[in-house]
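Structure first, commentary second.
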Amino acid sequence: MIDIRLLRNQPDLVRTAMARRGSPELVAQLDETLALDERAREIVARRDAIRAQVNDLSKQVGALRKAGDTEQAEAIQAQSRALGDEERTLAAEYDDVQAKVRDLLLRIPNLPHPDAPDGASDHDNPIVKGPFGLLDEYPEHQRVPHWETAAALGILDNERATKISGAMFTMQRGQGATLARALCQYALDMNADAFEEIRPPSLVTTATLTATGQLPKFADDAYAIERDDLWAIPTAEVPLTSLYGGEVLDETQLPVRMMAYTPCYRREAGSAGRDTRGMLRAHEFDKVEILAVTTPAQGADMLVELRDRAERLISGLGLPYRIIEICTGDMGQSHHRSFDIEVYAPGCDNWLEVSSVSWFLDYQSRRADIRFRTAGEKGTQIANTLNGSALAVPRVWAAIVENYRQPDGSVTIPEILRPYMRGATQIPAG
RNA sequence: GGAAGGGUGCCGGAGUGGACGAACGGGACAGUCUCGAAAACUGUUGAGGUCUUCUGGGCCUCCGUGGGUUCGAAUCCCACCCCUUCCGCCA
């Protein structure tokens, strides 16, 4: 969430930022938040003044009782007791208003970076790099959707996945399953030079899912296990961000670089019926995520580093790709600045979003309460977080099947993946 | 799932109703001593909120979490969470 003090002190700056996101309804929300915040502070001032009196009177009672002046002590007790009722009323009122402020604040999106391109929707996202490796013309044998190729090769069995788990679940088989796992191992190995590998839990608490911004606003997108108050993670970003939640790190520890392979679970509530074929959209998929916790000063460079690392994985696979920057109108709620890598899939004739790299500023850290301390300085500062998909398996898998399809219907394995495929050079046609 | 014990500051650990934001020890930092260091001695050393006549000060909150009792709670009561050990179950 954004800093309430920023909203208090520079409301126009925040209003302008929200206007850039193209959400005029947010401005009213800002005003409501400000008004409630002012009320909350007024109430808490009165509450604290009464508490101060009660504390003072209580000390007097203690002293009087010690001195044996029971009568006077009881008189003061009665006085203090009367204050107690007022205190309770104010405290309840404050808690109520404060909860409202927090709830509003949790729903206010992050401030876009000054350099983030303005725009209304994904149509306005500029291409900032590439395209690379794109052919002028694609031969017929590459113009086959991956689900057709995969069916012919027996490496994808979504019918049976649906039988087992319902619509929008996928299942890879044989070399197809190996390829999915190879991609994960490849992504982890390529970042092991600087990133600590984590194997986090895939089920997290409500507090954890709130820290990264999925809750309270996007509860419908996540799988809930209500009986145990747990949620299935939509991305490793969720557990990794909260890994240092509630902790105060030493500045010398920063930046912290972490990576994790996890399954990812998404209800896709808003996109039922879209991309139902093949591997483009599913309720469960594999992804390797890279994530960093930094000081505010380190954020900009880390964004570039993460983006470069994600790009290196895709270019290493020899897939045609481009990098786009997300405009203010298309930005996710928690994002400050964001880039996507898109891979061209000739069979679907589509640019597939395979990676998203984002800087969150202190938006998530404030929710998760990740702070750091600088030696010799008093107090703490709120950290920055950034993350990126190193490699999201299904769409890269699909792009490989389509780009590497041969005239005989087989699929050549990208050279860099062969060590992870037990040396296989191709997925042979039946 | 059952039983027992426990959760206090950077760490260890005391504290079972009144001057406790918390003894004591350790650590860290600063100073004294020293050519320098060690040792010793002295001092300092949590976070958050809010107000302010602001390079300072006032007030409030925080002893796992949330409630309750009380004039007053780290301390008493209730619920929950987590940790340790034992039993059960289990990959």
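Quick note on labels: first sequence line is chain A, next is B, and so on, each numbered from 1. What you see is a predicted model; the values in this text were computed from it and never measured. Computation of the quantities below employed the complete heavy-atom set of this structure, encompassing side-chain atoms and omitting hydrogens, waters and symmetry-equivalent molecules.
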According to the Watson-Crick and G-U wobble definitions, with both distances under 3.5 Å, which nucleotide is paired to B:A79?
B:U65
If pairing means Watson-Crick or G-U wobble with both distances under 3.5 Å, then the partner of B:G18 is B:C71
Could you tell me the separation between the CD atom of A:E377 and the C1' atom of B:A47, rounded to a whole number of Å?
16 Å
If you take the centroid of each ring, where Trp contributes its six-membered ring, are A:Y265 and A:H283 closer together than 6.0 Å?
no
Charged N to carboxylate O below 4.0 Å: is that the case for A:E38 and A:R8?
no
Basic-acidic side-chain contact under 4.0 Å: A:K100, A:E32:
no
With sugar-phosphate taken as primed atoms, P, OP1 and OP2 and all else as base, the protein-contact string of nucleotides 48-55 of chain B at under 4.0 Å (heavy atoms; B, S, -) is SBSS----
Could you measure between the two C1' atoms, the one in B:U65 and the one in B:C41, and give it in whole Å?
44 Å
With P as the reference atom in both, quote the distance from B:G56 to B:U42 in angstrom, rounded to an integer.
28 Å
Salt bridge between A:E377 and A:R373, side-chain N to carboxylate O under 4.0 Å?
no
Over how many whole Å does the gap from A:D369 atom CG to B:C62 atom P extend?
17 Å
N-O pairing of A:D85 and A:R88 below 4.0 Å:
yes
Mapping A:I76 and A:D56 onto RNA chain B by nearest heavy atom, which one lands closer to the 5' end?
A:D56
In whole angstrom, give me the gap between the C1' atoms of B:G25 and B:G13.
8 Å
Quiz question: by atom type and distance under 3.5 Å, do the side chains of A:S334 and A:N110 form a donor-acceptor pair?
no
If pairing requires Watson-Crick or G-U wobble contacts with both distances under 3.5 Å, which nucleotide is the partner of B:U53?
none
Measure from CG on A:D228 to P on B:C80 and round the result to the nearest Å.
15 Å
Please state how far atom NZ in A:K59 lies from atom P in B:C71, giving the value in whole angstrom units.
18 Å
In whole angstrom, give the distance that lies between atom CZ of A:R47 and atom P of B:U61.
8 Å
For the residue pair A:L106 and A:Y363, what are the closest heavy atoms and their distance?
O-OH, 3.9 Å
Nearest-Å distance once atom P is located in both B:G6 and B:C78
15 Å
May I ask which nucleotide in the shown strands pairs with B:G43, Watson-Crick or G-U wobble, both distances under 3.5 Å?
B:C29
Are A:D31 and A:R15 close enough for a salt bridge, meaning some N to O gap below 4.0 Å?
yes
Would you mind reading off the distance between A:E87 atom CD and B:C71 atom P, rounded to a whole angstrom?
13 Å
Measure from CD on A:Q98 to P on B:U61 and round the result to the nearest Å.
16 Å
Does the side chain of A:T212 pick up a donor-acceptor pair with the side chain of A:E237 at under 3.5 Å?
no
If you only use heavy atoms from C-beta on, which nucleotide in B:G18, B:U61, B:G46 is closest to the side chain of A:R373?
B:G46
Residues A:R41 and A:D37 bridged, charged N to O under 4.0 Å:
yes
Span that lies between the C1' atom of B:G27 and that of B:G66, in whole angstrom:
34 Å
Checking all strands, does A:A49 fall into the base, sugar-phosphate, or nothing category for heavy-atom contacts under 4.0 angstrom?
nothing
Contact residues, residues 238-255 of chain A to RNA chain B [heavy atom, < 4.0 Å]:
none
Is the shortest side-chain N to carboxylate O distance from A:R309 to A:D193 below 4.0 Å?
yes
Expressed as a whole number of angstroms, how long is the span from A:Q77:CD to B:G18:P?
14 Å
Mind checking the P distance from B:C80 to B:G2? Whole angstroms is fine.
10 Å
Would you indicate, yes or no, if B:U61 has its OP1 or OP2 atom less than 4.0 angstrom from a side-chain nitrogen or oxygen of A:N55?
yes
Rounding to an integer number of angstrom, what distance separates B:G18 and B:U75 when you compare their C1' atoms?
12 Å
Mind checking who B:C86 pairs with, Watson-Crick or G-U wobble, both distances under 3.5 Å?
B:G2
Does B:G36 pair with anything, Watson-Crick or G-U wobble, both distances under 3.5 Å, and if so, with which nucleotide?
none
With the threshold set at 4.0 Å, does a side-chain nitrogen-carboxylate oxygen contact exist between A:R46 and A:E42?
yes
Would one find a side-chain N or O of A:R51 under 4.0 angstrom from OP1 or OP2 of B:C60?
no
By the 4.0 Å heavy-atom rule, please label A:S58 as base, sugar-phosphate, or nothing.
base
Taking for A:G62 and for A:K378 the nucleotide of RNA chain B with the nearest heavy atom, the one nearer the 5' end belongs to A:G62
Integer angstrom distance from the C1' of B:U70 to that of B:G64:
23 Å
